[in-house]
Asks: 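Structure incoming, see below.
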Amino acid sequence: MQFIRVVAATLVMMLVMAMVGGAAHALEPVDVNGEVDAIDLLPAVENYSSQGDRIQIQTAPGADGIVRRIEVRSKQPGTNPHWIVFALANTTDEQIDRIVVAPHFRLVGSGLVWPDLGASRLAEITPSQGFQPERQEDDDADVFRVTLDPGSRVTFVAELRTSKLPQLFLWDPDAYKDKVNSLTLYKGIVLGIAGLLALFLTIAFVVKGTAMFPAAAALAWAVLAYLAIDFGFLHKFLAIPPDGDRVWRAGAEAVFSATLLVFLFAYLNLNRWHVRYSVVSALWLVALATLVGLAVINAPVAAGIARISIATLAVVGLLIILLLAFYGYDRAVMLIPTWTLLLGWVAAAGLTIMGHLTNDLVQPALTGGLVLVVMLIGFTVMQHAFAGSAFAPGLMTDTERKALALTGSGDVVWDWDVPADRIYVSPEADQLLGVAPGALDGPASEWLELVHIFDRDRFRTALDAVIDQRRGRVSLDFRIRAADGHYMWLNLKARPVVGSDGEVVRCVGTVSDVTEQKTAEERLLHDAVRDNLTGLPNRELFTDRLEAALVQAKQDGTTKPTVLILDLDRYKQVNDAVGHSVGDSILLTVSRRLSRLMKPRDSVCRIFGDQFGVLLLSEPDPERISAFAESIRRSLRAPIAVADREIFLTASIGVAMYDPQAPVKADELIKDAEIAMYNAKKIGGDRIEIFRAAMRVERPDRSSLEADLRRAIERDELKVLFQPVVRLQDRTIAGFEAIVRWEHPKLGRLPPGEFNAMAEETGLIVDVGLFVLDRTARQLSIWQRLVEVEPPLFGMVNISSRQLLRQDLVQDIKAVMARAGIERGSLKLEVSESLVMENPEYGAQILAQLSDLGVGLAMDGFGTGYSSLSYLQRFPFDMLKIDPSFVKEGERGRPVILRSIIAMAGDLGMEIIADGAEADSDAEELGELGCQFAQGEAFGDPVTAEEARRLIAGPIRLRA
C-alpha cells in the first residue's frame, strides 16, 4: 500500500513538471579544471522552450549524489523566452573563476538567406547554488563571470534573448583576455591598412579625376565601414543598442555590393561596349540602393539579398572580364588576377556562412582577405594608371614633355646651325616635298634657292633679324618649290639659341605644311570679291574701287569716274526658254565682250543676275563716254552662238557721271546709274540714258518694277512678317501666318497685292515663295525650341499656282523642313479653293505627297469658290480657313453659314481658322460656334520675328 502511494505521488509530480515545461532527467556536468583554457559548452547544453515565464528543471546530481529541483522565472514577466541549461563541476580542491562567453555575431553558420546578423544572446544566468554570475562589459559578446567552489557541481539556467545561440564557451579569464587583446591588435592592423588604402585612393582621385579612382576609393571606404562595424569600433563613436548592429551590418553589406558594382562598371568602361551594360548596371544599382532603406525595416532580408548580389556580381563580373580580355581589352586583362582572388574570397565566405568552415580563425581571416582584395584592386588601378601614362605628365621633365608634344603635333623639326651655316630638317620634310633624303640639309643659301622669289627677302630678313637682335621669334609663311616644280606653303616657327658668348649658335623650330589653309584663304578672298560664274569683281569690290576713284577725284581734280549699269533685256524669258546652262553661257559671253572693251584703268563687274557695272576712268569727256556706252550697246547686240542656234540680246544702259560741284558717295552714284538704266528699260530697252536729277522723283513703271523685284531677294528687300493665329479656347498663340512685304528703296513698303500678280506672271513668285517658306520654317524652329507646347506652334504660308504645279515643290519643301528641323505637321501650306480646282487630279496627287511628307494643308478662302464639296473629301486637308466675308458682322445669314461650315469641318475631322476677326465680340462668337482658331485685327497686325517671339510667351490682349 505504501508502494502504491509513492508511485502515485511520483506520477503527480511528473505531471506537474510536464505542465510547467520541466525536464524529467538530470544533467551530466562538464568537468572544469585548470588545465583547459576554453571549453565548448554547446554539446553539453539542453534547450527548453516553455509556455510561460518560468521553468522547472532537475539539477545535476550534487556532491552528495542528490538530484534537486529548481524553478527559474524570466527577467520580464509575461514573456515566453527560450532557455538553456548546463552544469559545471569543479573536481579540484581550489575555487575556480571562469567566464561564460556567447558572441553577438558569428559569421560561421549565419546563413545566406535570412541570415543571423547578431544580437545579445544571454539575458541572465541563474545558478542552482552559489553566487549569481555577474555580467561583464563587452560590446561584442555576452560575458558572465561564474565562480565554482571546490568539489561543487552547479547547474546553470540561462535565459536567451533569441532563439539562436551560435556559440557558447567557458573561458579562463586570463586566456580570454589574451585572445581579445591579440584579436584587437589584429583588427587594429587590418583596420589601419584599410583606412590608409581608402585615404590613398581618395587622394589619387583628387589628383587624377579619372572615373576608376573615385570608384575604387568608394569601394575601399565601404570595406572600411564594414570592418568598423564587424570589429565593434562603431560602438566607440555611436551609442548603438545591442540589436542595432543588424541594421548597420545589413546596410554595410548592401553598400559594399553597390560600390563593387560601380567599380566594375567604371574600371571596365562598360558603357562604351554596349548600352545593355549601362541599363543593367543602373537597375542593379537602384535595387541595391533600396536595400539600404530596406535594412532599417527588415535587416535579415536586406543582408540576404546583398550577399546573393555579391556572389552573383563576382561570378558575372569574372565572365565579363574574361570576355573583354578575349577581345584584348588591357584593363580586363589586368583585372583577371584580382577578380579571381575576389571570387575565391566569395567562395570561402559562402562556405563559412553555410557552416562548412567552422574554425574560429575563419572570420578574422576573411576580413583580412577582404582588405587584401581591395588592396589588389588599388594596385590594379595604379598599374593601369602607370601603364596608360595617367600620371606620366606629372613625372616628365620639361624637355621630355616638349619632345612628346612635338612628336604629337606632326610638325617637321627645323634646326639651323648658325656657325656652321647648315640647316637640318627631319625626314618628313623630304617626303613632303618629294625630294631625295637629305636634299634639304645644307647651307641657308640652298634653302633660299628653293624659296619662292617673292618670299626670299622676307625669309632672309626674318632670319637676319633674330641673329642680329639675339632674341625674338620667327613666325613666317613662305612658299617653297617641291620636286615636281609646284610651290607649297610652309609655316616656320623658330627661336634663336644664344651661347655662353652671347652670340646665336642655333635657330631651332618647326615647319608645318599650310598649303591647304593658304589655298582656302585665297579661295575665300577670291569668292568674297569675285563672281563665281564669270570671275568678274562683284558689287562689293566694284563699290570699293569706286570709292577709291572718288577719293582720288577729290584729291587731284582730274579724275572723273563714270558708272555704267547695264541690264540685259528679256534675259529672263530667254533663260526660261533655253535653260539655265545656256543662260550661264550667255552671261559668260557678255562678260568676255565687256572685258575686251575695258582699258587698264577701267573695271567691269557683275552686280547680280543679268546686270553688269562698268567703272570708267579712262574717258573724262562726256562725248567720249557716250561713245564708249554706244560701243558696249553695239557689242551686246551681236548674236550669241550657242550650240546650233543664235540668240539676240540687247541691253539697257544707265550712265551716271561724277560732278565735282555736287560730290556723291559710291552707293549714290551706283543708284543714280541704276535709275537711268530703269528709265532706259521703261522707254523700251536697247537704249542709253544719262542720269538726270529729275529721274529720282519719277515712279518706275511695270518693267522697272519687275526688274527691281528680280533683285529684291538678293538685296534683302523682302521682309517676312507674321500675323498671329490665336487659339480661341485660352486666347494663346497657336501659330502665325507668314506675310511678305517688299521694302522698295524708292517706293517704300509695298504690300503683296502690289507685286504678287506681277510675280505670278513673270514666274518670280517661285523664288519669292521659296524665300518665304525658308524664312518661316527657320523662325518656326526657333519658336518651337523657345516654347515647348503640345501641339507645337505652327506656321502658315500661302502657295501660288505656279508653286503648286511645279514638279520640284515637294523636294523644295522637303529640303526646307530638313534644314529647319521643325516638328511634323507644324508647317502648314495655304492653298486656295480655286487653285486646287485648276487641275484637280494633279493637285490631289501633289497634296497627298505633301501630306505624307508631314506638311499640314489648309484650304484658304473656303466658301468663296465654285468647287463641288465632293472634292473636299478627296483632298488631304486638315484645316479650313473661313473667308473674312463670312466672319464680318452684318453679313446676311452669317451665323447660319458659319455654323454649317464649322459642323461640316468637324464631321470631316478638320480644324477651323476664321480669318477677319475684327473685335472681341467676333472672337467670343466664333468660340461659341465651335471655331478653334482665329486671326484678324482683333489679335493685332503682322509683326516682325522678334515681336512674335515676345508674343508667344502669354495670352493675347484683344482690341476693344
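What you see is a predicted model; the values in this text were computed from it and never measured.
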Asks: At what distance, to the nearest 0.5 angstrom, does CG of L728 lie from CD1 of I912?
Replies: 11.5 Å

Asks: Run the numbers on I739 and F722 for side-chain contact (heavy atoms from CB on, under 4.5 Å), then give the verdict.
Replies: CA-CA 6 Å; I739 299 176; F722 301 93; over 6 Å; no

Asks: Hey, mind stepping through F542 and I670 against side-chain contact (heavy atoms from CB on, under 4.5 Å) and telling me if it holds?
Replies: CA-CA 10 Å; F542 182 75; I670 294 174; 3.9 Å; yes

Asks: I'd like to check L786 versus R949 (side-chain heavy atoms, cut-off strictly below 4.5 Å). Are they in contact?
Replies: yes

Asks: Roughly how far, to the nearest 0.5 Å, is CD of Q729 from SG of C931?
Replies: 12.5 Å

Asks: Show your reasoning for whether side-chain contact (heavy atoms from CB on, under 4.5 Å) applies to L829 and L850.
Replies: CA-CA 9 Å; L829 304 183; L850 292 174; 3.8 Å; yes

Asks: If we only count heavy atoms from C-beta on, is the V262 to L285 side-chain gap below 4.5 Å?
Replies: yes

Asks: Side-chain contact, heavy-atom cut-off 4.5 Å: V726 with T732?
Replies: no

Asks: Can you name the closest pair of heavy atoms from R606 and L536 and give their distance?
Replies: N-CB, 4.1 Å

Asks: Check L827 against L773 and note the closest heavy-atom contact, atom names and distance.
Replies: CD2-CD2, 4.3 Å

Asks: Can you tell me if T776 uses its side chain to pair, donor with acceptor, with the backbone of V772 under 3.5 Å?
Replies: yes

Asks: Spell out, as yes or no, whether a donor-acceptor pair under 3.5 Å connects the side chain of N538 to the backbone of L541.
Replies: yes

Asks: Report the C-alpha distance between E668 and K665 in whole Å, list the side-chain angles of each, state the deciding distance to 0.1 Å, and finish with yes or no for salt bridge (charged side-chain N to carboxylate O under 4.0 Å, His left out).
Replies: CA-CA 5 Å; E668 295 175 352; K665 297 180 180 179; 5.7 Å; no

Asks: What is the distance from atom CD1 of I782 to atom CG of L793, rounded to the nearest 0.5 Å?
Replies: 12.5 Å

Asks: Compare every heavy atom of G685 with every heavy atom of S652, then report the nearest pair and how far apart it is.
Replies: OG-CA, 3.2 Å

Asks: Atom NZ in K814, atom CG in L853: separation rounded to 0.5 Å?
Replies: 6.5 Å

Asks: So, taking the atom named NZ in K828 and the one named NZ in K881, what distance separates them when rounded to the nearest 0.5 Å?
Replies: 12.0 Å

Asks: Might you point out which heavy atoms bring L780 and S826 nearest each other, and give the distance in Å?
Replies: CD2-O, 3.4 Å

Asks: State whether the side chain of Q784 and the backbone N or O of E823 hold a donor-acceptor pair below 3.5 Å, judged by distance alone.
Replies: yes

Asks: Check A734 against R727 and note the closest heavy-atom contact, atom names and distance.
Replies: CB-NH2, 3.7 Å

Asks: For R570, look at atom CZ and say whether over 12 heavy atoms of other residues, nucleotides or ligands are found less than 6.0 Å away.
Replies: no

Asks: Enter the distance from K719:NZ to W742:CH2 here, rounded to the nearest 0.5 Å.
Replies: 13.5 Å

Asks: Do V725 and F939 have side-chain heavy atoms sitting under 4.5 Å apart?
Replies: no

Asks: Tell me if a side-chain donor or acceptor on T543 pairs with a main-chain N or O of R539 at a distance below 3.5 Å.
Replies: yes

Asks: Show your working on side chain to side chain donor-acceptor pair (under 3.5 Å) between E737 and Q935 and close with a plain yes or no.
Replies: CA-CA 9 Å; E737 179 182 359; Q935 65 182 97; 2.6 Å; yes

Asks: Side chains of I813 and M817: does their closest heavy-atom pair fall under 4.5 Å?
Replies: yes

Asks: Could you give me the CA-CA distance, side-chain angles and deciding distance for M677 and Q611, then say whether side-chain contact (heavy atoms from CB on, under 4.5 Å) is met?
Replies: CA-CA 10 Å; M677 182 268 294; Q611 191 175 107; 3.3 Å; yes

Asks: Is there a side-chain contact between Q779 and V720 in this structure, where contact means two heavy atoms from C-beta onward sitting under 4.5 Å apart?
Replies: no

Asks: Within the distance-only criterion (no hydrogens, no angle test), does the side chain of T650 pair as donor or acceptor with the backbone N or O of D569 below 3.5 angstrom?
Replies: no

Asks: Between D667 and K671, is a salt bridge (charged side-chain N to carboxylate O under 4.0 Å, His left out) present by the stated rule, with each step listed?
Replies: CA-CA 6 Å; D667 290 339; K671 186 175 293 185; over 6 Å; no

Asks: Could you check whether the rings of W783 and F736 sit parallel, tilted or perpendicular, using 30° and 60° as the cut-offs?
Replies: tilted

Asks: Take atom CD in E946; do more than 12 heavy atoms of anything else shown fall under 6.0 Å from it?
Replies: yes

Asks: Judged by atom type as modelled, is there a donor-acceptor pair below 3.5 Å linking the side chain of Y571 to the main-chain atoms of G583?
Replies: yes

Asks: Can you see which heavy atom on V943 is nearest to which on E947, and at what distance?
Replies: CB-OE1, 3.3 Å

Asks: Is any side-chain heavy atom of V766 closer than 4.5 Å to a side-chain heavy atom of V768?
Replies: no

Asks: Say whether, by atom type as modelled, one donor and one acceptor occur between the side chain of S781 and the main chain of R778 under 3.5 angstrom.
Replies: no

Asks: Just by modelled atom types, is the M910 backbone N or O under 3.5 Å from a matching donor or acceptor in the D878 side chain?
Replies: no

Asks: Are F612 and V590 packed together at the side-chain level, in the sense that at least one heavy-atom pair is separated by less than 4.5 angstrom?
Replies: yes

